[in-house]
Amino acid sequence: MSPRISHARAAAGAVALCGLLAGCAGTGSAKSGPDGNDNRFIAGDGNVTQYQPDRRKSLQEVTGQTLDGQAFRLDSLKGKVAVVNFWASWCAPCRGEAPSLQQIYTENKAKGVEFLGVNFKDAKDNAKAFERKFKVGYPSVFDGDGQVTLAFREVPPSAVPSTLVLDQQGRIAARIIGATTYSKLNPLVAKVLAEK
């Protein structure tokens, strides 16, 4: 084997490895965030951004159909703290965070916290199998073509998975880019829930 061919193979292998290490991050559809920073690509590293009430962005109308075919409107959650999680069955970090999300939902539902999944660029049957496997108890909107996710462009999710915490007025109070954990998300939910 000539050295030229082996260098080419090594370079191709390095590019493939970088793609795998990038995980599920980057939808390519994001615009600038509320702080003016360009967020077109953000690695899904679990980074948390919190927004003070006077800096929070309201969402445009978000509608869709749940995985079981029911019509859904995000503004139906106004008056409650809402957690919106962007996920896909093909995303390994999404599988890792699913039990924590379900636990936080179970512990906070009676306090007036609602959860919504946004199943991003996935096959509906695969998404339903994911929900059965992880015993997901909250609804998910099916976003096979990515159009629902575009409605969140004011504070873009920027990676799959990503999680947004909405205040009772339906504004984005916090954003987690990448997989989350119980110890990271639950205090954010409690903080927004405690706001008057």
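Worth knowing before you read on, the calculation uses all heavy atoms, side chains too, and leaves out hydrogens, waters and symmetry mates.
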Flag, side chain of N108 to backbone of V113, donor-acceptor distance under 3.5 Å: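 Here the side-chain-to-backbone pair does not exist.
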Expected output: side-chain W90 to main-chain N126 donor-acceptor under 3.5 Å: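 No.
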So, using side chain to side chain donor-acceptor pair (under 3.5 Å) as the criterion, who are the partners of [X] when residues are at least two apart?
X	result
E107	Q103, Y182
S58	none
K78	none
T106	Q102

Full working for side chain to side chain contact (heavy atoms under 4.5 Å, CB included) between L188 and V48: CA-CA 10 Å; L188 293 173; V48 176; 3.8 Å; yes
Test side chain to side chain contact (heavy atoms under 4.5 Å, CB included) applied to L59 and L166, step by step: CA-CA 10 Å; L59 296 168; L166 310 182; 4.0 Å; yes
Full working for side chain to side chain contact (heavy atoms under 4.5 Å, CB included) between D145 and D143: CA-CA 6 Å; D145 60 4; D143 190 21; 3.6 Å; yes
Is it true that [X] and [Y] fall in one hydrophobic cluster, defined by side-chain heavy atoms closer than 4.5 Å?
X	Y	value
V81	V62	no
V136	F120	no
L77	V118	yes
V83	L116	no
L185	L164	no

Between [X] and [Y], what is the shortest heavy-atom contact and its length?
X	Y	result
V141	G64	CG1-CA, 4.0 Å
P161	E97	CB-OE2, 3.1 Å
A127	N119	CB-OD1, 3.3 Å

Check ring pair (Phe, Tyr, Trp, His ring centres under 6.0 Å) between [X] and all other residues, then give those that pass, not counting sequence neighbours.
X	answer
F86	F152
F142	none
F72	none

Between [X] and [Y], is any pair of side-chain heavy atoms under 4.5 Å apart?
X	Y	result
K57	I172	no
L101	Y138	yes
L74	V84	yes
R56	Q169	no
F115	K109	no
R171	P53	yes
C94	V160	yes

For [X], what residues pass the salt bridge (charged side-chain N to carboxylate O under 4.0 Å, His left out) criterion, not counting sequence neighbours?
X	answer
R95	none
D75	R73
E114	K80
D122	none

Audit row: V165, K191, side chain to side chain contact (heavy atoms under 4.5 Å, CB included) steps and yes/no: CA-CA 10 Å; V165 180; K191 182 177 179 181; over 6 Å; no
Residue list, side-chain contact (heavy atoms from CB on, under 4.5 Å) with S140, at least two apart or on another chain: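 side-chain contact (heavy atoms from CB on, under 4.5 Å) check on S140 returns L67, W87, E131.
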From CG (N186) to CD1 (I104), nearest 0.5 Å: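 Here the rounded value is 5.0 Å.
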